[in-house]
Amino acid sequence: MTRERYLTIVLDEIETYPATQAALIVSVDRRMSDVDVAECVSLAIEMKNRSRRIVGIDVCGDPRKGGMQSFTQHLSRAKGAGLGLTVRIAEVCDVHSVVCDSMTTCRPDRLGHATFLSDELKALFFADILQTECGPISTESDLSFRGGSVASLDVHHVHYYLKNDHLCKHVICRTDDTLRFRTSCLAEHSLLLAQPLLGLGLSSNDLTRIARMAMDIAFLRPRDRTRVRS
């Protein structure tokens, strides 16, 4: 199956739902070749221009597999075409140069995970007054037990970003690993509200605030964003 055929099948299903409920963000993996990334971005732009519901590009994959310098021209084309850009970074420690490379060359609209950002990198990113997507919360908590990326729920990095809202304007709760970690957005919200040691112990006001921030930075058309807020 070609990538174009695959995207067409996925979009055909997504577009049976309202635009405020479902849209597609196309992923490119750090391990891909330059040719493959170019094809994915070109298809995303072409389909967006045909009014298919593609709203962004997501850079994922093992952050230890190298920098993203070769991707820059393709990701810049995506942003120039009106697609949002999410870059997943700092999922593991000891990748300072790769994280810095990702943040300075791609100018992402959102960050994914951001678990091990140093103070230096936090200052670099927040100085751009960009938006930070911190999560997925449930996946991170699972990894605290299965992969060791977070030592415990009480030191989860979402606490830092919520407390320092003068630096980080947006924090959201999401998941893209519903099968692997047997989770859902509802389960993640429950985890946010559950009291320690079972959860992060956030208040209902905190959860409402996170939900509103998610609406603010969703890759939506202006009229769709207005509809969601109302």
Side-chain angles (χ1 to χ4, degrees), residues 7 10-11 14 19-32 36-38 40-45 47-48 52-63 65 67-92 95 98-117 121-122 124-126 128-140 143 149 157-158 161 168-178 180 185 188 210-211 213-221 224-225 228:
L7 289 174
V10 173
L11 287 167
I14 283 176
T20 53
Q21 294 182 11
L24 181 63
I25 298 176
V26 176
S27 293
V28 295
D29 194 300
R30 287 180 172 88
R31 293 165 292 189
M32 283 182 168
D36 287 337
V37 173
C40 290
V41 170
S42 294
L43 285 171
I45 294 172
M47 289 184 164
K48 176 183 181 296
R52 301 306 305 259
R53 204 181 298 164
I54 292 180
V55 296
I57 298 292
D58 169 55
V59 180
C60 61
D62 190 339
K65 293 301 180 181
M68 297 167 50
Q69 293 285 353
S70 63
F71 289 6
T72 302
Q73 59 175 323
H74 307 305
L75 299 178
S76 295
R77 281 199 298 123
K79 294 197 69 174
L83 292 168
L85 176 61
T86 294
V87 177
R88 306 184 194 208
I89 63 169
E91 298 172 60
V92 296
V95 289
V98 176
V99 170
C100 185
D101 180 37
S102 302
M103 293 168 66
T104 56
T105 61
C106 299
R107 318 295 288 184
D109 300 296
R110 301 194 317 217
L111 297 181
H113 303 293
T115 310
F116 294 102
L117 278 186
L121 290 173
K122 288 172 185 173
L124 171 66
F125 185 70
F126 297 139
D128 282 338
I129 320 178
L130 296 176
Q131 305 159 344
T132 298
E133 173 188 311
C134 178
I137 301 302
S138 183
T139 298
E140 295 287 5
L143 286 176
S149 67
H157 52 295
V158 71
Y161 291 124
C168 178
K169 302 300 182 184
H170 299 89
V171 178
I172 72 171
C173 168
R174 65 165 178 86
T175 182
D176 58 0
D177 289 312
T178 56
R180 180 180 181 185
C185 284
E188 301 214 7
I210 288 173
M213 287 190 286
M215 290 188 287
D216 288 340
I217 64 171
F219 293 157
L220 289 170
R221 294 171 298 184
D224 293 328
R225 192 186 312 280
V228 170

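Note that the structure is a prediction, hence the values are computed from the model and not measured.
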A.B. asks: Quick check for you: to the nearest 0.5 Å, what is the distance between F219 atom CZ and I54 atom CD1?
C.D. replies: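 It comes to 13.5 Å.
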A.B. asks: Looking at every heavy atom in both A19 and D224, which two are closest together, and how far apart are they?
C.D. replies: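 In terms of heavy atoms, the two residues are closest at CB-OD2, 3.6 Å.
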A.B. asks: Search all heavy atoms of V26 against all heavy atoms of A44 and return the closest pair with its distance.
C.D. replies: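 Looks like CG2-CB, 4.2 Å.
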A.B. asks: Does the side chain of R30 come within less than 4.5 Å of V87's, by heavy atoms?
C.D. replies: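 A side-chain contact under 4.5 Å exists here.
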A.B. asks: With rounding to the nearest 0.5 Å, note down the distance linking SG in C40 to CG in D58.
C.D. replies: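 Reported to 0.5 Å precision, the distance equals 11.5 Å.
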A.B. asks: Quick check for you: to the nearest 0.5 Å, what is the distance between D36 atom CG and F71 atom CZ?
C.D. replies: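 Here the rounded value is 9.0 Å.
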A.B. asks: How long is the straight-line distance from CZ of R52 back to CG of L43, given to the nearest 0.5 Å?
C.D. replies: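 Separation between the atoms: 12.0 Å.
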A.B. asks: Hey, which of D109, V55, L75, I45 is the one that makes side-chain contact (heavy atoms from CB on, under 4.5 Å) with L83?
C.D. replies: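 Among D109, V55, L75, I45, the one that satisfies the side-chain contact (heavy atoms from CB on, under 4.5 Å) with L83 is I45.
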A.B. asks: Looking only at atom types and distance, does a side-chain atom of K48 sit under 3.5 Å from a main-chain N or O of A81, one as donor and one as acceptor?
C.D. replies: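 Yes: the side chain of K48 pairs with the backbone of A81.
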A.B. asks: Is any side-chain heavy atom of H74 closer than 4.5 Å to a side-chain heavy atom of S42?
C.D. replies: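 Of all side-chain heavy-atom pairs linking S42 with H74, none is under 4.5 Å.
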A.B. asks: Any chance you could measure R53, atom CZ, to I14, atom CD1, to the nearest 0.5 Å?
C.D. replies: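 Here the rounded value is 8.0 Å.
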